[in-house]
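Atoms considered below: every heavy atom in the structure, side chains included; atoms not considered: hydrogens, waters and symmetry mates. In what follows, chains are A, B, ... by sequence order, proteins preceding strands, each numbered from 1.
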Protein chains: 2
Amino acid sequence: MALKRSRQREMIKSFLMGRKDHPTADVIYSNLKQQDPNLSLGTVYRNLTLLSDMGEILRLRVGDGVDHFDADTSEHYHFVCTECGSVIDLDMDSIDSIMETAGERFDGRIRGHITYFYGTCPACTRVATKS
Amino acid sequence: MALKRSRQREMIKSFLMGRKDHPTADVIYSNLKQQDPNLSLGTVYRNLTLLSDMGEILRLRVGDGVDHFDADTSEHYHFVCTECGSVIDLDMDSIDSIMETAGERFDGRIRGHITYFYGTCPACTRVATKS
DNA sequence: GTGAATGCAAAAGGTTTGCACCCCC
DNA sequence: GGGGGTGCAAACCTTTTGCATTCAC
């Protein structure tokens with residue numbers, strides 16, 4: 001049951017660390033497939049699941065039906081563009097205090113929250129505004 | 001292209017209005033199938049999609065891989081139990097102000113946010129605490 | 001050498017869709 | 001009667017999984 005290192009897992013992790021967007025399994029696969037033609041999609045999924053279970057990466061379910069992955073596990077929030085679907089990191093203060101608000105009239109135990117902001121990203125805003 | 005009423009759509013909508021949990025398409029289907037054995041799952045999905053496109057119901061993607069539906073379209077928040085998967089309405093004040101926080105250092109246009117709180121629901125908390 | 005990891009392909013969900021038939025206006 | 005809605009089943013997509021093989025320790 002001991003974890004063994006694998007070239008594939010390292011490829012996947014470092015690919016992810018090198019990107020600020022939040023690629024899907026398929027994007028990761030097609031990119032890495034070029035430098036390692038034997039790579040299989042199942043391996044990509046297995047490692048993404050493993051890494052996120054270990055807490056080394058984040059699995060983002062932004063609601064577009066496809067999982068996105070993020071190597072930045074620090075607390076931060078995401079914005080999803082409803083035009084182009086891109087997922088962007090937000091530089092903002094913590095809003096953890098909303099959990100207190102949520103817990104005031106709730107009997108269970110609130111351990112966390114998932115928040116996605118959506119709207120039009122800078123690039124799409126520019127296009128829409130263009131004269 | 002004009003919308004015609006359909007017995008099935010009305011069944012679905014009123015079933016949904018009669019529940020405070022947030023059933024999945026399959027739960028809706030199996031329940032209504034009993035009073036209308038000819039009902040098909042495709043029809044349920046088509047109508048749920050139609051109703052949510054019209055804004056008459058909400059499609060909740062809570063991250064468990066299955067869509068949940070809610071006839072209450074008023075602004076409110078949801079809690080998802082990580083033990084039993086139940087989705088519960090939260091009685092809480094608006095946290096729309098988080099959008100201002102999010103927008104401070106962001107160039108795009110933020111139009112909304114989706115927030116799910118997660119943790120242990122009242123029922124599961126009780127079980128876990130039981131001596 | 002042992003068992004974890006891979007590659008391949010099949011399977012498993014959940015959701016959508018094509019098509020012939022039905023029903024509402 | 002025309003066109004939207006339904007039922008049925010097949011198709012779709014993303015993700016998971018079984019199994020024989022390969023690789024790390």
Problem set entry | Atom pair distance, as rounded to whole Å: CG in B/D64 and C1' in C/dA12 | 16 Å

For this session: Measure the distance from OH on A/Y29 to C1' on D/dT15 and round it to the nearest whole Å.
Result: 14 Å

Exercise. Roughly how many Å is it from NE2 in B/H68 to C1' in C/dG13, rounded to a whole number?
Worked result: 14 Å

For this session: Please determine, by modelled atom types, if B/R9 and B/T43 share a side-chain donor-acceptor pair under 3.5 angstrom.
Result: no

Seminar exercise, completed: Taken to the nearest whole Å, CG/B/L48 to C1'/C/dT16 is 13 Å

For this session: Could you pick out which residue, B/K4 or B/V44, lies toward the 5' side of DNA chain D when each is mapped onto its nearest nucleotide?
Result: B/K4

Problem set entry | Atom pair distance, as rounded to whole Å: CG in A/D67 and C1' in D/dT16 | 12 Å

Exercise. Phosphate oxygens OP1/OP2 of C/dC24: is one of them under 4.0 Å from a side-chain N or O of B/S6?
Worked result: no

Exercise. Which part of the nucleic acid does A/D26 contact within heavy-atom distance under 4.0 Å: base, sugar-phosphate only, or nothing?
Worked result: nothing

Exercise. So does B/R9 reach the base of D/dG4 with its side chain, donor to acceptor, closer than 3.5 Å?
Worked result: no

For this session: Report yes if a side-chain nitrogen or oxygen of B/S40 is closer than 4.0 Å to either non-bridging phosphate oxygen (OP1 or OP2) of D/dA9; otherwise report no.
Result: no

Exercise. Taking N and O atoms by type only, does the side chain of B/R46 place a donor or acceptor under 3.5 Å from a partner on the base of D/dG4?
Worked result: no

Problem set entry | Below 4.0 Å: OP1/OP2 of D/dG5 and any side-chain N or O of B/T43 | no

For this session: Would you check if A/H76 and A/L58 make a side-chain contact, meaning some heavy-atom pair closer than 4.5 Å?
Result: yes

Exercise. Phosphate oxygens OP1/OP2 of D/dT15: is one of them under 4.0 Å from a side-chain N or O of A/Y45?
Worked result: yes

Problem set entry | Spacing between A/D36 atom CG and D/dC23 atom P, to the nearest angstrom | 11 Å

Problem set entry | Salt-bridge criterion met for A/D26 and A/K33 (N-O under 4.0 Å) | no

Problem set entry | Interatomic distance where CD belongs to B/E10 and P belongs to D/dG5 [whole Å] | 12 Å

Problem set entry | Short side-chain N/O contact to C/dC22 OP1/OP2 from B/N38, under 4.0 Å | no

Exercise. Is A/R5 atom CZ crowded by more than 12 heavy atoms from other residues, nucleotides or ligands, each under 6.0 Å away?
Worked result: no

For this session: Indicate whether OP1 or OP2 belonging to C/dG7 is found under 4.0 Å from a side-chain N or O atom of A/Q8.
Result: yes

Exercise. Which residue, B/R61 or B/R5, contacts DNA chain C at a nucleotide closer to its 5' end, judged by nearest heavy atom?
Worked result: B/R61

Problem set entry | Distance, rounded to the nearest Å, where A/R7 contributes CZ and C/dA4 contributes C1' | 15 Å

Problem set entry | Distance below 4.0 Å between A/T49 side-chain N/O and D/dT16 OP1 or OP2 | yes

Exercise. Hey, is CD on A/E100 packed in by over 12 heavy atoms from elsewhere, all under 6.0 Å?
Worked result: no

